[in-house]
Amino acid sequence: MQAFTVGRIPKLIFGEQSMYALPEELKKLGYRSAVVVTGGSSLERNGIWDAFSSALQKTDISYSRFSVAHEPSPADVDSAAELRRSSRTDCIVGIGGGSVIDTAKAASAMVHAEGSVKEYLEGVGTKTHSGTRIPLIAVPTTSGTGSEATKNAVISEVGPNGFKKSLRHDNFVPDIAVLDPSVIQHCPASVTAASGLDAITQLLESFVSVKANQFTDSLAGDALRLCGKYFETVVVDGNNLEARGAMAYGAYISGITLANVGLGIVHGAAGVLGSRISVPHGTACGTLLAEASRMIIEKAEAEGLHDVLSKYADAGYAIAGTVRENDTEKGIDMLLSVLYRWQELLDAQSSAKLSAYGLKKDDIADIAAKSGLKNTPVQLSTEEIASVLEKRL
Ligand SMILES: [Fe+2]
């Protein structure tokens with residue numbers, strides 16, 4: 001077996017109603033106060049906030065609340081960190097989608113850091129973060145980014161000098177992740193479809209990553225099998241808690257595998273797209289996944305990269321939920337047919353064509369040139385990346 005290192009992994013609390021047991025867990029850890037970061041009004045609408053805040057009150061844990069209803073900007077993170085400084089609470093709890101958890105994560109890191117978070121962002125700032133942060137608990141209400149298990153927070157600023165960049169450190173992986181299917185069941189179908197495809201893209205890209213190892217292969221392979229079994233069910237029937245739990249677990253695992261072995265071209269392109277047009281991250285990933293996978297597979301076939309093809313076949317058998325046969329082509333065919341079916345499913349939920357979000361044909365060459373391959377297992381030219389984007393224009 002090749003050498004590898006496994007990074008920090010959050011303690012996982014999984015199960016229906018587990019969110020309401022979190023205050024007891026915080027109390028056991030000796031925390032008496034928290035800043036709770038949340039999104040818009042969906043927690044109120046679904047009665048989750050009332051139930052959670054009364055569970056907090058029962059354990060005598062005091063809290064201040066910070067809301068962020070969009071992808072966090074540096075100003076949002078700085079304000080959340082300032083709220084913690086002034087309230088001197090023991091920990092930060094993020095309850096929401098990836099943007100909320102990223103806000104909580106970045107705020108927990110900025111409490112003891114000098115200046116604005118912008119000064120520490122990759123490719124934007126010049127300062128290096130020490131990695132010191134205060135305790136952080138992540139409670140995702142969508143199943144997608146895996147931010148509850150990753151070491152980075154994505155911060156963006158829109159406008160002519162806009163950016164979408166990460167604050168990253170090995171120490172930023174949350175201490176605890178709480179996956180409660182009964183909370184996630186309220187996520188709407190269109191968000192469920194897009195964020196589910198984000199998680200699936202993360203699993204597939206880390207599974208075939210040039211850095212993949214025994215540990216990430218076991219985790220991502222098993223999670224792909226679960227997502228293959230439950231993804232379509234969860235989009236059609238959001239109240240199916242078995243399916244919700246499987247997708248929540250898949251997203252959490254995708255966070256672990258991506259934090260350990262990285263991602264590929266779909267995320268390379270989705271990152272650039274996200275800073276240019278207002279497309280949800282999951283939609284950007286989901287719309288590109290099938291075409292990008294086909295391009296990589298064709299390239300691997302042309303170059304005789306049998307190990308790469310075998311890995312894609314492994315993924316195909318896992319997603320299809322069938323026993324691995326010694327037939328690479330069959331595995332790859334199963335994988336591509338499922339990915340194209342899921343692309344159609346995404347299209348049916350909301351237009352997944354990039355032109356619907358304002359992408360122009362003339363912008364494609366530049367976006368393709370700026371899209372990093374990350375850990376994609378084949379080399380792709382700018383023209384090849386552009387042809388993938390053009391197919392989903
Ligand atoms: Fe992603």
For this session: Look up atom CZ in Arg8 and atom CG in Asp175, then write down how far apart they are to the nearest 0.5 Å.
Result: 6.0 Å

For this session: Given side chain to side chain donor-acceptor pair (under 3.5 Å), test Asp76 with Thr103 step by step and report yes or no.
Result: CA-CA 7 Å; Asp76 293 318; Thr103 306; over 6 Å; no

Exercise. Are Lys127 and Glu114 within salt-bridge range, i.e. N to O under 4.0 Å?
Worked result: no

Problem set entry | Verify same cluster id: Val178, Tyr63 (apolar side-chain graph, 4.5 Å) | yes

Exercise. Given Lys374 and Glu205, is the salt bridge (charged side-chain N to carboxylate O under 4.0 Å, His left out) satisfied, shown in steps?
Worked result: CA-CA 10 Å; Lys374 296 181 180 267; Glu205 292 200 312; over 6 Å; no

Exercise. Okay, side chain of Ser18, backbone of Gly15: is any donor-acceptor separation there less than 3.5 Å?
Worked result: yes

Exercise. Got a salt bridge between Asp363 and Lys370, using NZ or NE/NH1/NH2 to carboxylate O under 4.0 Å?
Worked result: no

For this session: Output yes when Asp170 and Lys151 qualify as a salt bridge under the 4.0 Å nitrogen-oxygen rule, no when they do not.
Result: yes

Exercise. Got a donor-acceptor contact below 3.5 angstrom from the Thr150 side chain to the Ala259 backbone?
Worked result: no

List the atom pairs, donor and acceptor, that lie under 3.5 Å between side-chain atoms in residues 227-237 and the rest of the protein, sequence neighbours left out.
from, atom 1, to, atom 2, distance (Å)
Glu232, OE1, Arg341, NH2, 2.9
Glu232, OE1, Trp342, NE1, 2.9
Glu232, OE2, Arg341, NE, 3.0
Asp237, OD1, Asn239, N, 3.2

Exercise. With under 30° as parallel and over 60° as perpendicular, where do the rings of Phe14 and Tyr249 fit, or are they tilted in between?
Worked result: perpendicular

Exercise. Charged N to carboxylate O below 4.0 Å: is that the case for Lys311 and Asp314?
Worked result: no

Problem set entry | Hydrophobic cluster identity match, Ile155 and Val272, side-chain contacts under 4.5 Å | no

Exercise. For Arg324 and Ala313, which heavy atoms make the closest approach, and how far apart are they?
Worked result: NH2-CB, 3.8 Å

Exercise. If you measure from CD1 on Ile61 to CD on Glu24, what distance do you get to the nearest 0.5 Å?
Worked result: 8.0 Å

Problem set entry | Selection residues 251-276 - residue pairs positive for salt bridge (Lys or Arg N to Asp or Glu O under 4.0 Å), sequence neighbours left out | Arg276-Asp366

Exercise. Which pair of non-hydrogen atoms, one from Gly94 and one from Ala104, has the smallest distance, and what is that distance?
Worked result: CA-CB, 3.8 Å

Seminar exercise, completed: To the nearest 0.5 Å, atom CD of Glu16 lies from atom CG of Leu241 at 4.5 Å

Problem set entry | Heavy-atom pair with the smallest gap, counting every atom of Gly282 and Asp198 | CA-CB, 3.8 Å

For this session: Measure the CG-CD1 distance between Leu204 and Ile319 for me, rounded to the nearest 0.5 Å.
Result: 6.0 Å

For this session: Please check if Ile277 and Leu289 belong to a single hydrophobic cluster, counting links between Ile, Leu, Val, Met, Phe, Trp and Tyr side chain heavy atoms closer than 4.5 Å.
Result: yes

Problem set entry | Pair Glu119 + Lys165, salt bridge at N-O below 4.0 Å | no

For this session: Starting at CZ of Arg294, measure out to CD1 of Ile332 and round the result to the nearest 0.5 Å.
Result: 13.0 Å

For this session: Starting at CD of Gln202, measure out to OG of Ser209 and round the result to the nearest 0.5 Å.
Result: 13.0 Å

Exercise. Between Tyr120 and His169, does a ring pair (Phe, Tyr, Trp, His ring centres under 6.0 Å) hold up when you go through it step by step?
Worked result: CA-CA 10 Å; Tyr120 297 87; His169 194 287; over 10 Å; no

Exercise. Would you call Arg392 and Glu291 a salt bridge, using N to O less than 4.0 angstrom?
Worked result: no

Exercise. With under 30° as parallel and over 60° as perpendicular, where do the rings of Phe52 and Tyr20 fit, or are they tilted in between?
Worked result: tilted

For this session: Dump the intermediate steps for salt bridge (charged side-chain N to carboxylate O under 4.0 Å, His left out) on Lys391 and Glu384, then the final yes or no.
Result: CA-CA 11 Å; Lys391 286 203 174 96; Glu384 285 166 332; over 6 Å; no

Exercise. For the residue pair Ala368 and Thr382, what are the closest heavy atoms and their distance?
Worked result: CB-O, 3.5 Å

Problem set entry | Arg244 vs Thr192 side-chain heavy atoms within contact, under 4.5 Å | yes

Problem set entry | Check: Asp78 side chain, Ser116 main-chain N or O, donor-acceptor pair, under 3.5 Å | no

For this session: Could you state whether Leu203 and Leu263 fall into the same hydrophobic cluster, counting links through intermediate Ile, Leu, Val, Met, Phe, Trp or Tyr residues with side-chain heavy atoms under 4.5 angstrom apart?
Result: no

For this session: Answer yes or no: is there a donor N or O on one side and an acceptor on the other, between the side chain of Lys299 and the main chain of Gln379, under 3.5 Å?
Result: yes

For this session: Would you name the heavy atoms of His129 and Phe172 that are closest together and state the gap between them?
Result: ND1-CZ, 3.4 Å

For this session: Decide whether Ile184 and Leu22 are clustered together by the hydrophobic rule: side chain heavy atoms of Ile, Leu, Val, Met, Phe, Trp, Tyr closer than 4.5 Å, transitively.
Result: no

Exercise. Does the Asn375 side chain pair with the main chain of Val210, one donor and one acceptor, at a distance under 3.5 Å?
Worked result: no

